[in-house]
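Take a look at the structure set out below.
Every chain is numbered from 1 and lettered A, B, ... according to where its sequence line falls, protein lines coming before strand lines.
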Amino acid sequence: MSVDNIKMAQLILPDVKITAQEILEKYPPRQLKEGAMVTRFAPSPTGFLHIGGLFTAMVNKRAAMQSDGVFYIRIEDTDKKREIEDGVKIVIDGLNAFGIDADEGFCPDGQKGDYGPYQQSQRRDIYRAFVKQLMEKGMAYPCFLTEQELSEIRAEQEKLKVNTGIYGKWAKYRDITVDEAQKLINEGKSFVVRLRSPGDPQKRISFKDAIKGKIEMPENDQDVVILKADGIPTYHFAHAIDDHLMGTTHVIRGDEWISSAPIHLQLFYVLGFKPPVYAHVSPIMKEENGGKRKLSKRKDPEAAVGYYYEQGYPKESVMEYLMTIANSNYEDWRKANQKEDNKNFPFNLKKLSLSGALFDLVKLNDVSKNAISIMPAQKVFELSLEWAKQYDKQLAELFERDRQYATEILNIDRENKKPRKDIAKWSDVRDYVEYMYDEIWDKSEMVLPENISNEDGIKIIDAYLQKYNPEHTKDEWFNTMKEICEPLGFASEVKVYKKNPDAYKGHVGDISTVIRIALTGRKNTPDLYYIMKLLGQDKVKERLNSFKEKLS
RNA sequence: GGCCCGUUGGUCAAGUGGUCUAAGACUCCGGCCUCUCACGCCGGCUACAGGGGUUCGAAUCCCCUACGGGUCACCA
């Protein structure tokens with residue numbers, strides 16, 4: 001620690017009073033059990049939450065949960081230019097909407113924890129103290145290169161076909177003296193602080209990535225900027241300081257960060273910190289023209305988590321799907337443990353995909369149908385109502401008018417061992433219940449199948465009307481349907497009909513189709529018996545009669 | 001271009017030198033199931049990027065090529 005270095009540090013950061021050592025003392029190591037992982041999700045408030053971000057956040061949370069560790073959320077707002085209004089709220093709400101709640105940092109009920117503040121813009125003094133310490137040790141220096149000089153250097157480097165950047169002989173201010181610096185400052189020149197990189201690109205650094213395995217790269221020799229001209233640190237520097245101070249054991253982040261890992265490792269090294277374990281998650285991709293590409297915020301609506309919310313995918317479904325992407329054995333586990341909370345699934349970081357997974361909406365729908373099919377009707381009702389209140393007001397009114405009725409509709413066939421899987425998202429519910437409400441019932445498609453004449457249709461309805469008894473049990477009801485068949489020339493057993501199709505006009509299935517169309521306007525619906533029960537005898541008779549009129 | 005990472009069916013993927021004439025899931029196509037649809041069940045289509053090694057033996061290890069992705073900022 002030379003006198004000049006100390007002078008330089010004082011010149012550049014005169015306002016910094018607290019020392020790095022003092023700060024270190026305020027952040028004691030965490031007392032956690034052996035093997036507990038401390039993870040974090042660290043978004044920047046620059047727009048909506050990306051589905052890939054949700055995925056990474058989920059992986060972080062799972063890893064901490066699994067090991068009885070801590071998962072915290074930290075806001076990385078060191079770039080004021082890109083920040084948007086309400087950016088923090090958007091990202092935190094987005095996370096919380098899918099059940100990603102932090103144990104510490106930005107929690108649903110506000111900031112909490114002993115290792116804060118958890119927002120980088122509030123940690124300015126901390127970073128600056130460490131920058132000052134580095135300068136005192138001669139490991140960092142002020143750099144007065146202007147934007148124009150920088151681009152000239154770049155152009156020159158490109159011409160020479162050497163690596164771009166500030167390193168070696170290109171690092172013009174590496175050995176600037178205090179007097180020179182003082183002079184430039186007096187002239188009003190702005191500056192950044194750069195790391196005096198001790199790296200040698202001929203040497204290689206290797207680290208063990210918890211997902212990708214051993215990764216080896218040339219050492220960093222770039223004098224990267226650690227403090228920007230506005231006095232705020234760069235991501236790289238803030239990362240090293242925060243993750244050390246906050247006791248992060250595992251940094252799980254998108255794999256676009258792999259290439260800057262040598263910088264980060266070097267930063268930990270010069271700061272005298274033990275680096276965390278890194279785990280680099282592959283991005284979620286989208287298929288386009290037969291190729292893969294990263295889901296893009298601009299081009300793909302499904303890239304934003306808001307999309308899933310608006311479509312009415314329950315958070316369980318989205319998380320369930322993301323789990324199947326994360327650990328492919330999850331599906332088997334889910335099959336064996338249908339109703340269990342998935343926090344009991346033994347999540348494994350090592351099982352994450354090495355290549356990027358294509359986001360598959362079709363699969364999401366399937367996963368979601370399964371997830372919804374095992375929910376009790378009450379829950380389906382509540383969640384779809386909550387969704388409808390925001391996105392389908394009319395449906396919400398209908399549901400609230402008679403909650404019992406709505407719940408019973410949603411309960412049809414639900415308590416079977418083999419529940420129906422018609423609903424993938426809440427926006428499907430309207431179509432599913434539509435004919436149960438006169439107000440929204442769409443009768444435009446009410447036509448008989450081609451093999452049934454209007455005349456026969458009328459006869460069938462008449463015959464059924466005569467036998468209709470709302471008190472019937474399901475078996476009695478079905479027998480009634482069969483009884484109608486023979487007198488009208490239809491087979492009461494499908495098998496009989498198939499053996500000798502020319503002898504009949506159709507079979508019991510056709511009979512019930514006519515009734516089904518009269519009652520619902522559709523050829524396909526869930527169990528007709530229960531639909532009639534819910535509709536009630538007045539409405540059943542009314543619909544049957546009015547369809548008959550329409551046919552004649 | 002430099003540096004990294006990756007490449008098993010249409011998609012997600014299991015697989016870590018022999019049990020792989022390669023699992024499972026989604027999609028698609030058949031079939032079955034005392035009403036339709038859905039569910040379920042049975043069956044089917046479709047894959048180790050290419051080429052060299054190493055080995056008795058390779059999807060699995062090594063090398064090269066091709067392709068895909070990422071990154072090279074006073075953005076994160």
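Distance noted for atom P between B/U46 and B/A22: 11 Å (whole Å). B/U27 and B/C64 have their P atoms separated by 42 Å, given to the nearest Å. Across the P atoms, B/C29 and B/A38 are found 11 Å apart, a figure rounded to whole Å. If you take atom C1' in B/G51 and the same atom in B/A58, they sit 15 Å apart, rounded to whole Å. A gap of 11 Å separates the P atoms of B/U7 and B/U60, to the nearest Å. Rounded to whole Å, the C1' atom of B/U21 lies 24 Å from the corresponding atom of B/C61. Comparing the C1' positions of B/A25 and B/A66 gives a spacing of 31 Å, expressed to the nearest Å. Atom C1' of B/A23 sits at a distance of 31 Å from the matching atom of B/C63, rounded to the whole Å.
Of the side-chain N and O atoms in A/K351, none sit less than 4.0 angstrom from OP1 or OP2 of B/A14. Within the 4.0 Å cut-off from OP1 or OP2 of B/C37, not a single side-chain nitrogen or oxygen of A/R522 is found. For A/S44 and B/C75, the shortest distance from a side-chain N or O to OP1 or OP2 is not below 4.0 Å.
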Tabulate below the donor-acceptor pairs under 3.5 Å that side-chain atoms of residues 81-88 of chain A make, not counting sequence neighbours, or state none.
{"residue": "A/R82", "atom": "NE", "partner": "A/D79", "partner atom": "OD2", "Å": "3.4"}

Would you be so kind as to tabulate the donor-acceptor pairs closer than 3.5 Å made by side chains of residues 187-194 of chain A, with sequence neighbours excluded?
{"residue": "A/E187", "atom": "OE1", "partner": "A/K189", "partner atom": "NZ", "Å": "2.9"}
{"residue": "A/E187", "atom": "OE2", "partner": "A/K183", "partner atom": "NZ", "Å": "3.4"}
{"residue": "A/R194", "atom": "NH1", "partner": "A/D223", "partner atom": "O", "Å": "2.9"}

Distance-only check: which donor-acceptor pairs under 3.5 Å involve side-chain atoms of residues 428-435 of chain A, not counting sequence neighbours?
{"residue": "A/D428", "atom": "OD1", "partner": "A/K425", "partner atom": "NZ", "Å": "3.2"}
{"residue": "A/D428", "atom": "OD2", "partner": "A/A424", "partner atom": "N", "Å": "3.0"}
{"residue": "A/D428", "atom": "OD2", "partner": "A/K425", "partner atom": "N", "Å": "3.3"}
{"residue": "A/R430", "atom": "NE", "partner": "A/D392", "partner atom": "OD2", "Å": "2.9"}
{"residue": "A/R430", "atom": "NH2", "partner": "A/D392", "partner atom": "OD1", "Å": "3.3"}
{"residue": "A/R430", "atom": "NH2", "partner": "A/Q394", "partner atom": "OE1", "Å": "2.7"}
{"residue": "A/D431", "atom": "OD1", "partner": "A/R522", "partner atom": "NH2", "Å": "3.3"}
{"residue": "A/E434", "atom": "OE1", "partner": "A/R522", "partner atom": "NH2", "Å": "2.6"}
{"residue": "A/E434", "atom": "OE2", "partner": "A/D442", "partner atom": "N", "Å": "2.4"}

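Judged as a salt bridge (charged side-chain N to carboxylate O under 4.0 Å, His left out), and not counting sequence neighbours, the contacts of A/R543 are A/D438. Among residues two or more places apart in sequence or in another chain, the side chain to side chain donor-acceptor pair (under 3.5 Å) test is passed with A/K459 by none. Partners of A/D422 by salt bridge (charged side-chain N to carboxylate O under 4.0 Å, His left out), not counting sequence neighbours, listed by chain and number: A/R420. By the side chain to side chain donor-acceptor pair (under 3.5 Å) test, A/N411 pairs with no residue at all, sequence neighbours left out. Every residue two or more places apart in sequence or in another chain was checked for a side chain to side chain donor-acceptor pair (under 3.5 Å) with A/D209, and none qualifies.
Taking CG of A/N524 as the start and OG1 of A/T513 as the end, the distance is 8.0 Å to the nearest 0.5 Å. The distance from the OG atom of A/S512 to the CD1 atom of A/I517 is 10.0 Å, given to the nearest 0.5 Å.
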statement: Under the rule of Watson-Crick or G-U wobble with both distances under 3.5 Å, where | means paired to another strand and [ ] a crossing pair, RNA chain B maps to ((((((((.[[[..)..(.....]]].(((((.......)))))....[[[[[..)....]]]]])))))))....
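For A/Y321 and A/F359, the ring centers are positioned less than 6.0 Å apart.
One interatomic measurement links the two molecules: CZ of A/R414 to P of B/C37, which rounds to 21 Å at whole-angstrom precision.
Ring geometry, A/H236 versus A/W257: the interplanar angle exceeds 60°, so the pair is classed perpendicular (tilted spans 30 to 60°).
Of the two residues near RNA chain B, A/G165 and A/I232, the one whose nearest nucleotide lies more 5' is A/G165.
More than 12 non-hydrogen atoms from other residues, nucleotides or ligands lie less than 6.0 angstrom from CD of A/E216.
Here A/T78 lies in heavy-atom contact (under 4.0 Å) with sugar-phosphate atoms only. Residue contacts shown for A/P419 are limited to sugar-phosphate atoms, with no base heavy atom under 4.0 Å away. A/L519 comes within contact range of no nucleotide atom at all, as no heavy-atom separation falls under 4.0 Å.
Of the candidate nucleotides B/U71, B/A38, B/C74, B/C74 has the atom nearest to the side chain of A/R194.
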Could you pull out the protein-nucleic contacts involving nucleotides 3-5 of chain B (nitrogen or oxygen on both sides, under 3.5 Å)?
{"residue": "B/C4", "atom": "OP1", "partner": "A/R204", "partner atom": "NH1", "Å": "3.4"}
{"residue": "B/C4", "atom": "OP1", "partner": "A/R204", "partner atom": "NH2", "Å": "2.6"}
{"residue": "B/C5", "atom": "O2'", "partner": "A/K212", "partner atom": "NZ", "Å": "3.3"}

Any protein N or O atoms within reach of nucleotides 24-27 of chain B? Criterion: under 3.5 Å, listing atom names and distances.
{"residue": "B/A25", "atom": "O2'", "partner": "A/E331", "partner atom": "OE1", "Å": "2.6"}
{"residue": "B/A25", "atom": "O2'", "partner": "A/K363", "partner atom": "NZ", "Å": "2.6"}
{"residue": "B/C26", "atom": "O4'", "partner": "A/K363", "partner atom": "NZ", "Å": "3.3"}

Detail all sub-3.5 Å separations between protein N/O atoms and N/O atoms belonging to nucleotides 33-36 of chain B.
{"residue": "B/U34", "atom": "O2", "partner": "A/K482", "partner atom": "NZ", "Å": "3.4"}
{"residue": "B/C35", "atom": "O2'", "partner": "A/S512", "partner atom": "OG", "Å": "3.2"}
{"residue": "B/C35", "atom": "O2", "partner": "A/S512", "partner atom": "OG", "Å": "3.0"}
{"residue": "B/C35", "atom": "O2", "partner": "A/R516", "partner atom": "NH1", "Å": "3.4"}
{"residue": "B/U36", "atom": "O2'", "partner": "A/K523", "partner atom": "O", "Å": "3.2"}
{"residue": "B/U36", "atom": "O2'", "partner": "A/N524", "partner atom": "OD1", "Å": "2.7"}
{"residue": "B/U36", "atom": "N1", "partner": "A/R516", "partner atom": "NH1", "Å": "3.3"}
{"residue": "B/U36", "atom": "O2", "partner": "A/R516", "partner atom": "NE", "Å": "3.4"}
{"residue": "B/U36", "atom": "O2", "partner": "A/T525", "partner atom": "N", "Å": "3.0"}
{"residue": "B/U36", "atom": "O2", "partner": "A/T525", "partner atom": "O", "Å": "3.1"}
{"residue": "B/U36", "atom": "N3", "partner": "A/R516", "partner atom": "NH2", "Å": "3.1"}
{"residue": "B/U36", "atom": "N3", "partner": "A/T525", "partner atom": "O", "Å": "2.8"}

field: Verdict with reasoning, A/T164 to A/Q157, per side-chain hydrogen bond (donor to acceptor under 3.5 Å, both in side chains)
entry: CA-CA 6 Å; A/T164 54; A/Q157 288 167 329; 5.0 Å; no
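Nearest approach of A/Q222 to A/I166, heavy atoms of both residues: OE1-N, 3.3 Å.
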